[in-house]
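The structure appears below as structure tokens.
By convention in this document, chain letters (A, B, ...) are assigned in the order of the sequence lines, proteins followed by strands, and residues within each chain are numbered from 1.
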There are 2 protein chains.
Amino acid sequence: MATKRATINDVASLAGVSIATASKALNGRQDVRPATRERVLAAAAELSFQPNALARGLLSGQTRTVGLLTSDSVGRFGIPVLLGAEDAFGADEMAVLLCDARGDAIREQHHLRALLSRRVDGLIVVGESTNPRPSVSKDLPVPVVYAYGPSEDPDDVSFVPDDVGAAAMAVNHLLAMGRRKIAHITGPTHYKAARDREEGLRLALAEAGVEQVGQTLSGPWSQRWGRHAAEMLLMAEPDVDAVFCGSDQIAAGFVETARERGRRVPDDIAVVGYDNWEVLSTETRPALTTVDMNLELLGRTAAQHLFAAIDGKATPGVHKMPCQLVIRDSTSPPGVS
Amino acid sequence: MATKRATINDVASLAGVSIATASKALNGRQDVRPATRERVLAAAAELSFQPNALARGLLSGQTRTVGLLTSDSVGRFGIPVLLGAEDAFGADEMAVLLCDARGDAIREQHHLRALLSRRVDGLIVVGESTNPRPSVSKDLPVPVVYAYGPSEDPDDVSFVPDDVGAAAMAVNHLLAMGRRKIAHITGPTHYKAARDREEGLRLALAEAGVEQVGQTLSGPWSQRWGRHAAEMLLMAEPDVDAVFCGSDQIAAGFVETARERGRRVPDDIAVVGYDNWEVLSTETRPALTTVDMNLELLGRTAAQHLFAAIDGKATPGVHKMPCQLVIRDSTSPPGVS
DNA sequence: CTCCTGGACTTAAAGGTTTTCGGAAACGTA
DNA sequence: TACGTTTCCGAAAACCTTTAAGTCCAGGAG
């Protein structure tokens with residue numbers, strides 16, 4: 001806590017010039033003699049002058065601020081997007097106003113109004129799942145991009161991970177490792193993520209002419225379910241040699257139970273997870289091969305496209321972002337434990 | 001994307017009054033006839049008018065915005081604090097400008113300037129650990145409160161979890177369950193959290209006149225270390241009947257290995273974790289008794305005190321916030337599995 | 001009738017910055 | 001000397017809202 005804030009007026013009078021000249025000097029404009037500029041800069045430093053962004057924004061109509069409206073309280077998806085966005089903005093000193101609607105539509109509207117009244121230049125909406133969500137962009141005076149959870153309206157700009165492609169990539173990896181008895185354990189079917197990943201699995205298996213082992217097992221996204229599904233699967237399909245799991249939590253549970261039941265991973269059964277949630281994927285034994293959705297890149301890309309949209313160059317549609325397969329010990333080739 | 005934003009001027013002329021009257025009508029002030037107010041409100045609704053917070057802030061000197069400056073990219077501590085802060089602010093529609101310095105002092109200064117230039121009303125600084133950190137508040141024109149990681153300067157306002165008290169509480173719980181052979185596995189000693197939690201353990205044991213079993217084992221905060229430490233501990237001190245772990249990650253690793261080595265939890269060995277990181281604490285077998293640092297409450301309290309400080313009523317010093325012991329199956333009394 | 005009161009509304013200033021335009025000085029050229 | 005050009009700087013408007021102060025008018029009291 002200290003003195004009152006200095007204004008450009010104070011700087012100008014300390015430097016003995018008008019505020020116009022001070023402004024020009026501070027903003028590196030022409031039309032000001034080097035010696036004068038020097039004096040102004042010195043005065044500004046002396047008073048530790050910070051230009052008032054409100055006044056500047058009022059005049060220019062640009063606040064250099066974007067709103068990030070998220071719905072996943074836990075930050076599982078919002079955080080990487082925030083980081084990516086900060087990266088994309090960073091250089092040019094954009095700031096991020098963060099609001100968490102906690103899945104409540106009323107609260108979302110409330111936050112939306114608050115952000116709009118603060119005159120954000122744009123908006124990033126982060127979904128809590130990849131299920132399409134109602135558009136928020138109708139008649140909004142600023143551009144909006146959706147990250148992770150796409151908008152229902154195809155005229156909006158959305159960025160989602162390519163779950164289908166990533167799942168296919170994961171399964172192709174298992175096939176390349178020589179596995180042919182591949183099972184699938186995943187999350188609730190009302191998640192589009194679960195359906196997409198299963199779709200990817202099916203495409204990859206079909207292309208290779210390989211049959212899936214057993215039915216897809218759907219349950220919660222939890223470790224507990226992974227363990228439970230493992231019991232069922234190992235009982236019903238004893239000759240399974242690979243499992244593609246819809247999340248690292250499920251995979252961690254599976255690996256634990258498989259281990260307990262005397263199945264070696266990866267020698268007897270190879271396991272692939274999803275999410276690359278490091279507290280799980282690198283701490284299981286063995287560490288998990290898993291899909292990294294590259295959320296930080298997704299966030300950065302969304303931010304960059306928001307910039308483009310702010311400049312009037314929007315690119316509507318749902319953009320699928322490539323994921324990455326992180327290969328760890330849970331899928332080494334058989335015999336190469 | 002839609003039309004240009006309406007100003008109060010547009011509202012006023014649509015309603016056929018002056019902007020002053022429009023302002024008064026919109027803000028529920030007296031001196032305006034009900035019929036007139038009605039007209040103004042209708043006009044505002046018609047134009048979906050949102051008052052420009054920049055202009056308002058410029059005039060009042062208050063932006064109703066606070067900055068949240070965090071250093072833990074992963075959001076493990078920052079997020080609950082953000083949520084708590086949003087809760088405290090929410091009713092009164094404060095907004096939060098979030099910046100992540102990622103442990104980089106330069107970037108922190110950069111963000112600090114950006115926040116100041118945006119004229120935030122106050123600042124919450126969230127540490128990445130409970131280690132005291134350099135103060136940022138000297139000669140700042142706005143109040144600052146520190147959450148989780150306290151400031152080195154005792155004149156600042158800091159809120160930290162009461163690690164010592166919580167550890168003592170955890171150990172007292174073990175003692176109450178009849179355990180007398182208590183060991184401690186924790187994180188690196190350069191973390192104040194590790195030292196404080198050990199301190200709490202010592203106080204509780206001393207008060208009960210019980211000796212700690214073996215030396216405190218220090219290592220990374222990881223599950224891997226928990227497993228490794230479990231091997232060592234079970235070898236060196238076979239008769240241990242309880243372990244207090246410095247984190248849920250360590251506890252999860254310990255439980256896993258103890259189980260593998262044929263020790264039953266909690267029958268043979270009771271285990272207490274720390275953090276109540278739910279993806280771990282509720283998913284281990286058995287679920288972990290653990291310390292919940294109540295970070296959301298901490299964040300809310302910090303936010304409330306920031307309000308107080310904004311109003312000129314600061315309460316300097318390091319405030320220790322109470323934690324909570326969440327009792328689950330890993331510490332049931334012996335024989336009551 | 002005049003004067004006063006109070007209600008309903010308007011005018012104008014303020015807040016800090018950027019920008020446009022015009023002015024002044026210095027200098028060179030005819 | 002008169003004039004044009006260049007260089008540097010200042011005055012003032014604009015952005016949008018709130019509020020203090022002022023205006024106007026109807027109606028009541030004297």
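- Looking at residues 30-40 of chain A, you'll see A:Asp31, A:Val32, A:Arg33, A:Thr36 sit with a heavy atom under 4.0 Å from some atom of DNA chain D.
- There is no side-chain donor-acceptor pair under 3.5 Å between A:Arg118 and A:Thr65.
- Atom CG in A:Leu59 sits 12.5 Å away from atom CG in A:Leu54 (nearest 0.5 Å).
- For B:Glu108, the side-chain contact (heavy atoms from CB on, under 4.5 Å) criterion is met by B:Leu69, B:Ser71, B:Ala101, B:Arg133, B:Val136, not counting sequence neighbours.
- Defining each end axis of the helix from C:dC1-D:dG30 to C:dA30-D:dT1 as the rotation carrying four pairs' C1' atoms onto the next four, with five pairs an end, the two axes are found to diverge by 80° to 10 degrees.
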Which atoms of nucleotides 13-17 of chain D (N or O only) lie under 3.5 Å from a protein N or O atom, and what are those distances?
{"from": "D:dT17", "atom 1": "OP1", "to": "B:Asn52", "atom 2": "N", "distance (Å)": "3.2"}
{"from": "D:dT17", "atom 1": "OP2", "to": "B:Ile8", "atom 2": "N", "distance (Å)": "2.4"}

List the atom pairs, with distances to 0.1 Å, where a side-chain N or O of residues 295-313 of chain A and a protein N or O form a donor-acceptor pair under 3.5 Å, not counting sequence neighbours.
{"from": "A:Arg300", "atom 1": "NH1", "to": "A:Asp87", "atom 2": "OD2", "distance (Å)": "3.4"}
{"from": "A:Thr301", "atom 1": "OG1", "to": "A:Leu297", "atom 2": "O", "distance (Å)": "2.7"}
{"from": "A:His305", "atom 1": "ND1", "to": "A:Thr315", "atom 2": "OG1", "distance (Å)": "3.1"}

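- Rounded to the nearest 0.5 Å, atoms OG1 (B:Thr36) and CD (B:Glu38) are 10.0 Å apart.
- Residues meeting the salt bridge (charged side-chain N to carboxylate O under 4.0 Å, His left out) test with B:Arg37, sequence neighbours left out: none.
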Could you list the donor-acceptor pairs under 3.5 angstrom formed between side-chain atoms of residues 39-46 of chain A and any protein atom two or more places apart in sequence or on another chain?
{"from": "A:Arg39", "atom 1": "NE", "to": "A:Ala15", "atom 2": "O", "distance (Å)": "3.0"}
{"from": "A:Arg39", "atom 1": "NH2", "to": "A:Ala15", "atom 2": "O", "distance (Å)": "3.2"}

Filtered N/O pairs between nucleotides 26-28 of chain C and protein, under 3.5 Å:
none

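- Remark: B:Ala55 pairs with A:Leu58, B:Asn52 by the side-chain contact (heavy atoms from CB on, under 4.5 Å) rule, at least two apart or across chains.
- For B:Ser18, a side-chain nitrogen or oxygen approaches OP1 or OP2 of C:dT10 to under 4.0 Å.
- Within the 4.5 Å cutoff, no side-chain heavy atoms of B:Val160 are placed close to those of B:Tyr148.
- Listed by chain and residue number, A:Trp221 satisfy the ring-ring contact (aromatic ring centres under 6.0 Å, His included) test with A:Tyr191 (two or more places apart in sequence, or in another chain).
- For residues 149-161 of chain A, the pairs satisfying salt bridge (Lys or Arg N to Asp or Glu O under 4.0 Å) are A:Lys138-A:Asp153, with sequence neighbours left out.
- When the nearest nucleotides of DNA chain C are assigned to A:Leu26 and B:Leu54 by heavy-atom distance, the more 5′-ward of the two goes with B:Leu54.
- Using a 4.5 Å heavy-atom threshold, the side chains of B:Arg119 and B:Val142 count as separate.
- When each of B:Lys320, B:Lys192, B:Met293 is tested with B:Asp163 by the rule side-chain contact (heavy atoms from CB on, under 4.5 Å), just one qualifies, namely B:Met293.
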Pull out every protein N or O sitting under 3.5 Å from an N or O of nucleotides 20-27 of chain D, one pair per line with the distance.
none

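- Closest of all the heavy-atom pairs between A:Val318 and A:Pro150 is CG2-CB, 4.3 Å.
- Separation of atoms CZ (A:Arg102) and OG1 (A:Thr70) is listed at 10.5 Å; rounding is to 0.5 Å.
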